[in-house]
There are 4 protein chains.
Amino acid sequence: MNKPEMITAESSDVDGGHLRAFIERIERLEEEKRTIADDIKEVYAEAKGNGFDVKIMRKIVSIRRMDREKRIEEETILDLYLQALGEI
Amino acid sequence: MNKPEMITAESSDVDGGHLRAFIERIERLEEEKRTIADDIKEVYAEAKGNGFDVKIMRKIVSIRRMDREKRIEEETILDLYLQALGEI
Amino acid sequence: MNKPEMITAESSDVDGGHLRAFIERIERLEEEKRTIADDIKEVYAEAKGNGFDVKIMRKIVSIRRMDREKRIEEETILDLYLQALGEI
Amino acid sequence: MNKPEMITAESSDVDGGHLRAFIERIERLEEEKRTIADDIKEVYAEAKGNGFDVKIMRKIVSIRRMDREKRIEEETILDLYLQALGEI
DNA sequence: TCAGATAAAATCGCGC
DNA sequence: GCGCGATTTTATCTGA
């Protein structure tokens, strides 16, 4: 009895194993994220090696992202209007 | 004659097709990155749902990351010392 | 009447004098900061002139800074743990 | 004899005391720099508390800095021209 | 003087 | 909505 997972103190029942599992899942995901970020940097570097201007490319990517977000925003508002009309 | 890729202005030969390919690779990678960021958020949410304190979890992740970085820094400085010794 | 500070347009009451004072305080502080950055550079240069390896020195400074930050992080998480315990 | 500062190995005569002094001077200066950076942040925060838009303030500071640099640049070029003329 | 590395500033996004 | 932390962008610096 009194195995680690059966601690009965009023307060500090922290399931270390479970916590550890969450932490490790997060760390694996962050590692993946970092890898992809590195891949992105590599693509920019490759583009630079091909004579493209990285700063300008970043601007283009940023503008296109804003455009996409704007479009989604507008579609969302449109949907809201359509819903509102349907409810009349 | 004079197909797009044959423009001969001295300066502004921007290979649009090539650029577009780079941009699209980057955008795909950024989409993947965003997905992973969302996954991380989900894991934190799940952990919270299991009674864990997200703020503390973030600190743990942060401290463990610092540990890793510090270890790498120390290996780097060891290399620098060894190089410095080798150069004498 | 109608002294500058009494402009009554509904929206654009920008207190220019006040803003200017803030801006100038910031600029003075940035000037000081730049001076100190220059001092640091001078110390590195002097050390180099005395035969020390600047790259290694920077690494040492960086590692010592990480040590300090890690210590602070650990104190912070200890506080978080104590708070969490107190809240039960 | 053979006091620390008289080590005679061909290679690793590192004057630790001297190095330490340089490191500590740098660390003191970096601490001062950090303090000033914090002061700047505080000024921005105070301005924000007085209803100013921090983002815009940063833009103003940045533009004024560029203006100053531009002016210095232009004066430098002017000096170069004047020197050149003087040499004719 | 330039590229590549390093550090700083600005911006973004989350959790409270 | 605000502070805080992470990320990204910009600037600085060093070594070739």
Side-chain angles (χ1 to χ4, degrees), chain A residues 26 29-30 33-34 36-38 40-42 44-45 48-49 53-63 65-66 69, chain B residues 26 29-30 33-34 36-38 40-45 47-49 52-63 65-66 69 72-73 76-77 79-80 83-84 87, chain C residues 26 29-30 33-34 36-38 40-45 47-48 52-63 65-66 69 72-73 76-77 80 83-84 87, chain D residues 26 29-30 33-34 36-38 40-42 44-46 48-49 51 53-63 65-66 69:
Chain A
I26 288 163
L29 287 166
E30 294 207 331
K33 190 150 75 86
R34 222 179 51 77
I36 292 175
D38 288 346
I40 292 171
K41 257 181 253 166
E42 272 179 50
Y44 277 117
K48 182 178 188 173
D53 183 313
V54 170
K55 201 169 168 183
I56 290 175
M57 285 181 68
R58 285 186 188 280
K59 237 351 173 218
I60 292 171
V61 170
S62 150
I63 287 171
R65 178 167 44 227
M66 287 176 71
E69 282 163 10
Chain B
I26 288 164
L29 287 167
E30 294 208 330
K33 189 149 78 84
R34 226 177 51 77
I36 291 176
D38 288 345
I40 292 171
K41 245 181 286 173
E42 274 179 49
V43 177
Y44 276 117
K48 186 177 189 171
F52 292 105
D53 183 314
V54 171
K55 201 168 170 185
I56 289 178
M57 285 181 68
R58 284 186 188 278
K59 258 291 179 269
I60 291 171
V61 170
S62 151
I63 288 175
R65 181 168 39 225
M66 287 180 83
E69 281 167 7
I72 290 168
E73 286 280 275
T76 306
I77 203 175
D79 286 347
L80 287 175
Q83 271 178 251
E87 279 163 8
Chain C
I26 288 164
L29 288 167
E30 294 209 330
K33 191 149 74 83
R34 197 151 354 96
I36 292 176
D38 288 345
I40 291 172
K41 244 179 289 173
E42 274 179 48
V43 178
Y44 276 117
K48 185 175 188 172
F52 293 105
D53 182 316
V54 171
K55 202 167 170 185
I56 288 177
M57 286 181 67
R58 284 186 186 278
K59 259 297 179 262
I60 292 171
V61 170
S62 153
I63 287 174
R65 181 169 41 225
M66 286 180 85
E69 281 166 8
I72 290 167
E73 287 280 275
T76 305
I77 203 174
L80 287 175
Q83 271 179 250
E87 279 163 8
Chain D
I26 289 165
L29 288 167
E30 294 206 331
K33 190 149 75 86
R34 223 180 52 78
I36 292 176
D38 288 346
I40 292 172
K41 259 181 251 166
E42 273 180 49
Y44 277 118
E46 193 187 336
K48 182 178 188 172
D53 183 314
V54 171
K55 199 170 167 180
I56 291 175
M57 286 182 66
R58 284 186 188 279
K59 238 343 172 226
I60 292 171
V61 170
S62 150
I63 288 171
R65 179 169 42 226
M66 286 174 72
E69 281 164 10

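Convention: sequence-line order gives letters A, B, ...; per-chain numbering from 1.
With sequence neighbours excluded, the residues satisfying ring-ring contact (aromatic ring centres under 6.0 Å, His included) with B:F52 are A:H18, A:F22. Applying the side-chain hydrogen bond (donor to acceptor under 3.5 Å, both in side chains) rule to B:K59 yields the partners C:E73; only residues at least two apart in sequence or on another chain are considered. With sequence neighbours excluded, the residues that form a side-chain hydrogen bond (donor to acceptor under 3.5 Å, both in side chains) with D:E46 are C:R25. In terms of the side-chain hydrogen bond (donor to acceptor under 3.5 Å, both in side chains) criterion, residue partners of A:E30 (sequence neighbours excluded) are, by chain and number, B:R65. With sequence neighbours excluded, no residue forms a side-chain hydrogen bond (donor to acceptor under 3.5 Å, both in side chains) with D:R58. Partners of B:D79 by salt bridge (charged side-chain N to carboxylate O under 4.0 Å, His left out), not counting sequence neighbours: none found. Under the rule for a salt bridge (charged side-chain N to carboxylate O under 4.0 Å, His left out), the partners of A:K41 that lie at least two apart in sequence or sit in another chain are A:D38.
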Item checked: Nucleotide-resolved protein contact map, nucleotides 10-16 of chain F, B/S/- at heavy-atom distance under 4.0 Å -> ---SSS-
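Comparing B:A45 and B:T76, the nucleotide of DNA chain E nearest to each residue sits closer to the 5' end for B:T76.
The residue B:R65 sits close only to the backbone: its heavy atoms come under 4.0 Å of sugar-phosphate atoms, none of a base.
The span of DNA chain E lying next to chain B, judged by atoms under 4.0 Å from heavy atoms, is bounded 5' to 3' by E:dC14 to E:dC16.
Distance A:R34 CZ to F:dA6 C1': 14 Å, rounded to the nearest Å. Atom C1' of nucleotide F:dT7 and atom CD of B:E30 are separated by 12 Å, given to the nearest angstrom.
With a 4.5 Å cut-off on side-chain heavy atoms, B:D53 and C:L80 do not count as touching.
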